[in-house]
Amino acid sequence: MLAFVAPEGLHEGDVAMRILIVEDNPDLVSLLVEGLQRNGFEADAVSTAAEATRAVAATRYAALVLDIGLPDQDGLAWLKDLRATGNALPVLVLTARDGVSDRVAGLRAGADDYLVKPFALDEVVARLRALLRRSGTLLGQRLALGNLALDTEDRLVTVGGTVRPFSSREIAVLEILLRRCGHVAPKRLFEDHLFGLSDEVGSNAIEVYIHRLRRLLSDSGATVQVHTVRGVGYMLAETRAAA
Ligand code: CA
């Protein structure tokens with residue numbers, strides 16, 4: 001029985017992977033932010049290279065969408081500096097410039113992929129998903145433990161093969177736990193993935209999501225549970241050996 005249908009069933013404002021958009025055209029920024037959110041991403045946006053440097057230092061992003069023509073610095077020069085610090089964040093470069101030489105320059109500066117404006121939003125989403133898979137951020141589309149499974153692309157949770165109505169925030173928490181399966185997921189990891197620059201992170205916000213997730217897991221008969229590792233974070237484990 002299908003109880004949850006994506007994407008209409010996604011709760012408003014809920015998140016999955018956090019993307020930073022570095023772009024100074026406000027129309028393009030709103031288009032990208034809305035489009036990425038509709039596709040299950042969370043998006044932050046900044047309009048200058050200086051802000052991008054601060055954002056990347058403050059938040060752990062899954063990937064970055066980078067405009068080349070920024071007001072304070074050339075996007076490719078900024079990217080070259082970022083790579084020089086050892087930062088391997090997947091980067092999709094957006095540019096109005098066409099031509100092979102720009103493409104080569106972009107890739108040399110450390111871009112993982114390249115899109116020429118104007119572009120279709122679907123293409124941005126598809127390229128980002130491909131980058132995330134390649135980078136290992138979304139390694140494995142289907143994550144499973146016990147009778148619980150998460151499809152990271154469709155953002156669907158099944159328990160014993162039945163789709164369950166988890167919100168996207170709860171799915172984001174679950175995804176972090178599943179990816180760290182067998183290890184403790186530190187609290188900081190949840191904060192980085194779940195909250196953007198503009199969000200106020202209440203001191204108990206993570207606890208609230210963990211509490212909801214525990215209730216959902218228990219109500220849906222999942223054979224996994226979330227353990228608290230005091231002062232460190234959380235760990236997902238099976239409640240009994242899998243059949
Ligand atoms: Ca620009």
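Two residues are said to be in side-chain contact when any heavy atoms from C-beta on lie closer than 4.5 Å; Glu23 and Val65 fail this criterion. Phe166 has its side chain out of reach of Arg212: every pair of non-hydrogen atoms, C-beta onward, lies at least 4.5 Å apart. Taking the side chain as every heavy atom from C-beta outward, Gln37 and Glu42 approach each other to under 4.5 Å. Inter-residue side-chain proximity for Tyr234 and Leu213 is flagged as unmet; no heavy-atom pair is nearer than 4.5 Å. Using a 4.5 Å heavy-atom cutoff, the side chains of Lys117 and Asp67 are in contact.
Around the NE2 atom of His227, the shell of radius 6.0 Å holds more than 12 heavy atoms that belong to other residues, nucleotides or ligands.
Side-chain polar atoms of Ser47 and Glu51 form a donor-acceptor pair below 3.5 angstrom.
Electrostatic pairing of Glu207 and Arg214 does not count as a salt bridge here, judged by no charged N lying under 4.0 Å from a carboxylate O. One finds no salt bridge joining Glu170 and Arg164 here, because no Lys/Arg side-chain nitrogen approaches an Asp/Glu carboxylate oxygen to under 4.0 Å.
Closest of all the heavy-atom pairs between Ala62 and Pro90 is O-CD, 3.3 Å. Among all heavy-atom pairs drawn from Leu79 and Gly110, the shortest one is CD2-C, 3.5 Å. Scanning both residues, Val93 and Ala111, for their nearest heavy atoms gives CG2-CB, 3.4 Å. Between Leu216 and Pro165 the shortest heavy-atom distance is CD2-O, 4.2 Å. Glu238 and Gly146 make their closest contact through OE1-CA, 3.3 Å (heavy atoms, listed as atom of the first residue, atom of the second, distance). Across every non-hydrogen atom of Ile206 and Phe190, the tightest pair is CD1-CB, 3.6 Å.
Put simply, CG on Asp81 and OG1 on Thr53 are 8.0 Å apart, with the number rounded to the nearest 0.5 Å. With values rounded to the nearest 0.5 angstrom, Arg155 atom CZ is found 9.0 Å from Leu174 atom CG. If you take NZ on Lys187 and OG1 on Thr228, they are separated by 8.5 Å, rounding to the nearest 0.5 Å. Note: Asn204 CG to Ile210 CD1 = 12.5 Å, rounded to the nearest 0.5 Å. Taking OG1 from Thr48 and CG from Asp24, the interatomic distance works out to 9.0 Å, rounded to the nearest 0.5 Å. The CG atom of Leu178 sits 6.0 Å away from atom CG of Leu148, with the distance rounded to the nearest 0.5 Å.
With hydrogens and angles ignored, the 3.5 Å screen pairs a side-chain donor or acceptor of Thr223 with a backbone N or O of Asn147. At distances below 3.5 Å, at least one donor-acceptor pair connects side-chain atoms of Arg127 with backbone N or O atoms of Tyr114. In this structure a side-chain-to-backbone donor-acceptor pair under 3.5 Å is present from Arg83 to Leu89. A side-chain donor-acceptor contact under 3.5 Å links Asp112 to the backbone of Val91. Within the 3.5 Å criterion, the main-chain N or O of Ala49 finds a donor-acceptor partner in the side chain of Asp72.
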Fill in: Trace of the side-chain contact (heavy atoms from CB on, under 4.5 Å) decision for Leu128 with Met17
CA-CA 11 Å; Leu128 274 176; Met17 309 297 292; over 6 Å; no
Item to complete: Assess whether side-chain contact (heavy atoms from CB on, under 4.5 Å) is satisfied between Leu36 and Ile21, documenting all intermediate values.
Response: CA-CA 10 Å; Leu36 290 178; Ile21 298 162; 3.8 Å; yes
Fill in: Candidate pair Leu32 and Leu94, rule side-chain contact (heavy atoms from CB on, under 4.5 Å), full reasoning
CA-CA 11 Å; Leu32 284 167; Leu94 300 179; 3.9 Å; yes
Item to complete: Apply side-chain contact (heavy atoms from CB on, under 4.5 Å) to Leu31 and Asp27, showing your working.
Response: CA-CA 6 Å; Leu31 180 83; Asp27 294 338; over 6 Å; no
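Side-chain heavy atoms closer than 4.5 Å link hydrophobic residues (I, L, V, M, F, W, Y) into clusters, and following such links, possibly through other members, connects Val33 to Leu121. Under the 4.5 Å side-chain heavy-atom criterion for grouping Ile, Leu, Val, Met, Phe, Trp and Tyr, Phe119 is connected to Phe41 within one hydrophobic cluster.
The one candidate from Val46, Thr59, Leu66 that meets the side-chain contact (heavy atoms from CB on, under 4.5 Å) condition with Leu20 is Val46.
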